[in-house]
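Per chain, numbering begins at 1; letters A, B, ... match sequence-line order.
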Amino acid sequence: MRDAEEGSESPPSQMSGDGPGGSGGESESDRWMPDLRGGNGGGGGGGRWAPPDQVLENVLESVLEFLTAARDRNAASLVCRSWYRAEAQTRRELFIGNCYAVSPRRAVERFGGVRDVVLKGKPRFADFSLVPYGWGAYVSPWVAALGPAYPRLERICLKRMTVSNDDLALIAKSFPLFKELSLVCCEGFSTHGLAAIAEWCRYLRVLDLIEDYIDEEDELVDWISKFPESNTSLESLVFDCVSVPFNFEALEALVARSPALRRLRVNHHVPVEQLRSLMAKAPQLTHLGTGAFRSEPGPGGVLSVSELATSFAASRLLCLSGFRDVNPEYLPAIHPVCVNLTSLNFSFASLTAEELIPVIRNCARLRTFWVLDTVGDEGLRAVAETCSDLRELRVFPLNATEDSEGSVSDVGLQAISEGCHKLELILYFCQRMTNAAVIAMSKNCPDLVTFRLCIMGRHRPDRITGEPMDDGFGAIVMNCKKLTRLSVSGLLTDKAFAYIGKYGKLIKTLSVAFAGNTDMSLQFVFEGCTRLQKLEVRDSPFSDKGLLSGLSYFYNMRFLWMNSCKLTMRGCRDVAQQMPDLVVEVMKDHPDDEGEMETVDKLYLYRSLAGPRNDAPPFVNIL
Amino acid sequence: MSPPLELDYIGLSPPTAAAAAGRADDDLKGTELRLGLPGSGSPDRRPDAAISTTLELLPAKGAKRVFSDEVALPPPAAAGKGKATAPADGEEEEADEEDKKVAAPPQPAAKAQVVGWPPIRSYRKNTMATNQLKNSKEDADSKQGQSFLYVKVSMDGAPYLRKVDLKTYKNYKDMSLALEKMFIGFGTGKEGAESRKDGEYVLTYEDKDGDWMLVGDVPWEMFTDSCRRLRIMKGSDAIGLAPRAGGKSKNKN
């Protein structure tokens with residue numbers, strides 16, 4: 001069962017067996033046949049012997065079953081034609097990082113035995129309202145193709161796709177053995193679609209709805225009542241983003257007849273009284289999303305903190321989240337489980353440092369911690385002193401504006417770096433930062449894989465020295481040798497990007513905003529970051545020259561996104577003309593005069609075997 | 001802020017002759033959605049503007065001054081760029097220089113919010129907003145201290161609603177642009193012959209008293225104080241502003 005948390009990615013891969021320009025690599029070796037003259041026959045074919053090709057292929061298929069990592073499979077598929085075929089028949093998980101990079105038909109024709117599909121749609125900046133509504137990423141053509149091709153399909157995971165109720169109904173009816181559905185940051189469906197899944201997927205184990213936008217305006221359907229009436233196979237039910245009310249009695253009954261349920265995350269309509277009842281019915285839960293975590297007294301009256309604490313003491317919880325509308329008085333109820341917690345998500349709970357610190361002090365085994373910046377530098381110091389095993393920290397802003405007060409700063413970052421040496425992932429929103437703190441983190445946390453620092457004020461320099469933040473980010477790329485994902489912010493010059501290009505050899509994803517002086521920044525990145533897959537840039541002074549410096553690298557990347565830079569139609573057309581296997585999408589805010597020097601507001605380009613898509617809305621211009 | 005101007009609501013200005021002729025040639029143009037705001041006229045359409053379907057809340061050229069708090073008419077090239085990151089070359093350089101001169105002094109109070117910055121997912125923004133609104137319901141006070149103000153936006157014919165934070169806009173222009181972007185996908189000819197003839201949409205809002213009002217009559221601050229929800233109505237329904245019973249079309253794809 002996968003924990004598809006925000007930001008986590010499956011191992012990166014693409015259908016690189018099909019490089020641009022044709023099918024997978026072939027060599028002469030598949031022409032050679034060993035001389036198998038045996039008792040009765042000549043070499044090769046006929047008689048008692050299966051053709052050596054076939055034997056090899058059968059053996060190969062058995063061996064390749066053990067290869068699971070996509071990168072290994074892609075490599076194997078390039079060896080020769082027979083390996084390509086064998087790999088294609090044995091690949092069980094199909095990962096498509098850009099749903100427009102390949103057509104459903106082509107995917108289905110190549111791979112014969114897929115059980116598990118991961119599809120990603122819109123570019124990530126769509127999360128921040130930078131991609132206009134109606135852009136695309138429809139899952140419908142995929143479902144239509146997957147249905148007939150893979151009747152044994154068990155798992156579908158979609159991220160940033162447009163999914164309709166009809167799509168969900170078709171999924172529910174196409175795959176009789178369906179087990180896992182995971183929708184992350186999707187939109188376009190409502191409780192109608194969920195009802196279809198619940199009703200028709202009798203063997204469902206996982207239904208994870210994570211940060212989706214659920215259409216609320218339909219008449220609500222009691223989807224929870226649609227699950228099978230007998231014992232279910234449910235292991236994970238996550239629906240905290242389904243923000244409409246639901247039938248609680250039905251949920252209680254469902255939980256009671258789902259003995260395998262390990263993960264349950266409910267929405268904010270569940271008060272502590274109801275939460276307690278759920279916990280009693282599912283003592284085997286290891287992951288719990290607590291809903292509102294405040295009281296809504298029912299006939300039994302108001303639940304006391306100690307009663308709630310008893311429930312937690314009796315539980316086996318390892319991961320806690322929710323706290324959507326938390327009443328701080330109930331916080332002490334979770335103390336009994338804190339010592340066992342490996343994951344704690346307070347990022348929707350507006351709690352002060354005084355309220356948080358007592359909880360944190362009990363969480364010595366914490367590996368993942370998500371929190372709002374109300375925790376303050378003081379709270380982060382408590383984390384650093386207590387959570388020496390911490391691997392992932394995400395600090396979100398309570399007030400996501402540029403000029404808000406901001407309660408965490410370089411002080412908190414420095415403290416964390418001094419206490420949490422095993423840190424692998426950090427996402428940190430702040431108003432004030434210094435190079436010194438970032439440099440300290442680069443030295444104290446050598447295992448960092450993901451470093452995302454968001455200094456919310458645009459172009460903001462080091463708060464003490466007034467210098468650009470170049471040296472801080474430079475130190476990160478220099479010292480963190482495992483770094484694959486980087487988001488930069490603050491005042492940055494070309495120097496920062498020179499560092500990134502020189503040292504960021506493993507970087508796959510780079511996010512840039514309001515940074516750089518000249519096109520050299522882009523050139524440094526394209527030339528230096530040899531493993532770059534995804535580059536997203538906004539509001540930076542990069543022009544066509546910078547764009548064109550990437551020409552020979554675009555086929556190695558999944559996509560490039562640039563908005564509000566200094567690109568023109570001429571530059572984008574140049575790219576489109578010179579790179580036939582790239583799809584170059586240009587989006588404008590307003591229809592201005594058409595002409596070669598016209599500025600381009602949004603550029604999204606990606607390699608594709610499918611050519612220009614036919615579902616683009618009118619505001620998308622495909623060059 | 002200067003006192004509000006008296007404005008005539010023109011609203012359903014008929015399309016120009018040139019545009020009408022152009023429409024005959026191009027299906028797509030014919031279904032172009034126009035959002036007419038008080039005092040605005042339809043801009044001329046160019047016959048070769050092939051990919052031009054937008055909700056044009058503000059015309060690109062020749063706009064009359066339509067809102068009381070609109071300070072100056074933007075140059076056509078940067079028309080309608082309400083956000084601070086105006087990509088027109090000249091403006092952007094100015095903005096960059098300004099930003100760089102300012103090391104870390106206190107910013108002026110009403111700094112324009114940039115779309116999508118800081119990069120927080122709208123799911124998170126909406127959830128936090130819901131929480132805090134719930135809490136403030138318990139206080140009897142109004143919403144003045146809050147840093148956000150989410151209202152629902154519906155559009156006739158759209159299958160589902162959106163939500164916008166009125167506090168991210170400084171004025172009517174910003175809001176119009178943002179709404180236009182948000183509903184930009186709906187001008188694709190699903191409506192049929194009716195709207196081709198009369199493609200104007202009108203922005204209305206429901207105020208504290210439950211009445212449906214035309215957007216743009218009152219000063220911006222007064223509007224944000226009283227606005228409960230927004231609705232983009234078909235122009236033909238906006239005459240007299242009779243509230244429409246029921247019926248958002250459930251158009252599922």
Item to check | CZ on Arg538(A) to CH2 on Trp117(B), rounded to 0.5 Å | outcome: 7.0 Å

Checklist entry - Of the non-hydrogen atoms in Tyr213(A) and Arg162(B), which two are nearest, and what is the gap between them? => result OH-CA, 3.7 Å

Checklist outcome for this item: dist Ile120(B):CD1 -> Ser129(A):OG (nearest 0.5 Å) comes out at 12.0 Å

Next on the checklist: Between Arg458(A) and Pro118(B) (side chain of the first, backbone of the second, donor and acceptor by atom type, cut-off under 3.5 Å), is there such a pair?
Outcome noted: no

Checklist entry - Only one of Arg324(A), Glu211(A), His268(A) forms a side chain to side chain contact (heavy atoms under 4.5 Å, CB included) with Thr127(B), so which one is it? => result Arg324(A)

Checklist entry - On the ring face of Phe128(A), is Arg121(B) found with NZ or CZ under 6.0 Å from the centre and within 45° of the axis? => result no

Checklist outcome for this item: Separation between CG (Leu372(A)) and CZ (Arg124(B)), nearest 0.5 Å, reads 6.5 Å

Item to check | Heavy-atom closest pair, residues Tyr123(B) and Asp240(A) | outcome: OH-O, 3.9 Å

Next on the checklist: Just so I understand: if I count every heavy-atom pair under 4.5 Å between each of Ser487(A), Cys241(A), Pro397(A) and chain B, which residue has the most?
Outcome noted: Cys241(A)

Checklist outcome for this item: Applying a strict 4.5 Å limit to non-hydrogen atoms, the region of Phe429(A) in contact with chain B is side chain

Item to check | Phe542(A): partners by ring pair (Phe, Tyr, Trp, His ring centres under 6.0 Å), with sequence neighbours left out | outcome: none

Checklist entry - How close do Ser347(A) and Met128(B) get, heavy atom to heavy atom, and via which atoms? => result O-SD, 4.2 Å

Item to check | Pairwise distance OH(Tyr133(A)) to CD(Glu180(B)) - rounded to 0.5 angstrom | outcome: 16.0 Å

